[in-house]
Amino acid sequence: MTRASPALETVRLETTDGFATITLNRPEALNAFDRAMKTELLAGLRAVERDRSVRALVLTGAGRAFCAGQDLREPFGGEHPTLTDELRLRYNPVILAISRLSKPVIAAVNGVAAGAGCSLALACDLRLAAEDASFVLAFGRVGLVPDSGATWFLPRIVGQARAAELALVGDPVSASDAARIGLVNRVVPSESLLDEARSLAVRLADGSPLAMALTKRALRYSADASLEAALEHEAALQGIAGRSKDHEEGVAAFRAKRTARFTGE
Ligand code: T3D
C-alpha cells in the first residue's frame, strides 16, 4: 500500500514497499528551491528518518527537471538577509540531513540538476540519471561560489581536477559524460528511471537497516580520516553490527541457503 503525506506542498512524500520517495514538486520553476521547498524537504527527510518502516529513500523531481537550484525569482532579504544566513539556516541542514540519514538515499536525476540542485544530487549516496539528465554547477554564471556541499562532495566523487573544471568552467555535463567520470552510478532510459530507482530502493530496503546505517557512517567518517583512524572506526562499528540480530539472521540464512529477513535489531 502506498502512503502519501498530505501536509507537504512543494515536495511530495510517498511510502511504499519499505522505501520512501520524495519528489521536488515545483515543476513550473524547474523545481527551483524557494524557502518553502527547503523547509518542506527538510521536514520530509526528518519524517523519513523517524519512520522505522522506511529503509531507503528515492529523491527525484516532478516534470522535466530534477532541480534548478536557488529560485532566482524569489525576492531576497526579509528575516535572513545574507546568503550566509540562507545557507546556514536552510540549505546546509538539508544537505546534512541527507548525508546523516541512517538510510541509503538514491537520487533519481530525471532532468537538469543545476546549482544547489546539483549539490543536492551530489549529497545522495547513489545517483541514477535519465539519458536526458544533465548536471551544471551554475553558480559562477550568477557570480556565486559552489555551495550546499558541492565543493566537498565533488572532488571526493570525481577527483580534484574534474571538480575544478566543473566548478570553474561550469559547462553542463550530459548524463553519459557524468557516468564516464563517475559523477553518476548509472544512466538509464528516461522512461524507466523511476522503476530502476524503485527496484534499487527495494533491494536496499531488503538489506540490514543497521548494517546500512553503520556503512553510511563508516564511509562518511573515512572521508576525513587517516587509514589508522578509519580501521579503528570500522572495528568499533563492526562490534555493534556483530552483536545484532541482523548479523545472526544473515549467518543463519546463509547456512540454511535461504533469503535473510532483516529487522534492524
Ligand atoms: O541565493 C542563495 O540563497 C544562495 C544559494 C545559491 C544556490 C544556487 O543554486 S545558485 C544557482 C541558481 N541556479 C541557476 O543559476 C540556474 C538557472 N537556470 C538555468 O540555468 C536554466 O534554466 C537551466 C539550465 C536550469 C535549464 O535550462 P532550460 O533551457 O532547460 O530551461 P529555461 O528555459 O532556462 O527555464 C525554464 C523556466 O524555468 C523559465 O521560466 P519561464 O521563462 O518559462 O517562465 C526559467 O526562468 C525558469 N527557471 C529556471 N531556473 C530557474 C527558474 N526560475 C527560477 N529560478 C531558477 N533557478
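All residue numbers in this chain count up from 1 along the given sequence. Atoms within each ligand, like the ligands themselves, are counted from 1 in listed order.
Scored by the ring pair (Phe, Tyr, Trp, His ring centres under 6.0 Å) test, Y91 finds F33 as partners (sequence neighbours excluded). Here F135 pairs with nothing under the ring pair (Phe, Tyr, Trp, His ring centres under 6.0 Å) rule; sequence neighbours left out.
Checked options R243, R52, K245; the residue passing with E265 is K245 (criterion: salt bridge (charged side-chain N to carboxylate O under 4.0 Å, His left out)).
Cluster annotation: L193 is not connected to V184 through the hydrophobic network of ILVMFWY side chains, with a link wherever side-chain heavy atoms come within less than 4.5 Å.
Within the structure, every pair that satisfies the side-chain hydrogen bond (donor to acceptor under 3.5 Å, both in side chains) test and touches residues 148-161, not counting sequence neighbours, is listed here: R156-D224.
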Legend entry - Residues R203, D206; criterion salt bridge (Lys or Arg N to Asp or Glu O under 4.0 Å); working and verdict: CA-CA 5 Å; R203 280 189 57 197; D206 283 344; over 6 Å; no

What does the contact table look like for ligand 1 (nitrogen or oxygen on each side, cut-off under 3.5 Å)?
| unit_1 | atom_1 | unit_2 | atom_2 | d |
| --- | --- | --- | --- | --- |
| ligand 1 | 3 (O) | Q70 | OE1 | 3.4 |
| ligand 1 | 9 (O) | Q70 | N | 2.8 |
| ligand 1 | 9 (O) | A116 | N | 2.8 |
| ligand 1 | 13 (N) | A68 | O | 3.0 |
| ligand 1 | 30 (O) | R64 | NH1 | 2.9 |
| ligand 1 | 30 (O) | R64 | NH2 | 3.4 |
| ligand 1 | 31 (O) | R64 | NH2 | 3.1 |
| ligand 1 | 40 (O) | R73 | NH2 | 3.1 |
| ligand 1 | 44 (O) | R73 | NH2 | 3.2 |
| ligand 1 | 46 (O) | R73 | NH2 | 2.8 |
| ligand 1 | 55 (N) | L72 | N | 2.9 |
| ligand 1 | 57 (N) | A68 | O | 3.1 |
| ligand 1 | 57 (N) | Q70 | O | 2.8 |

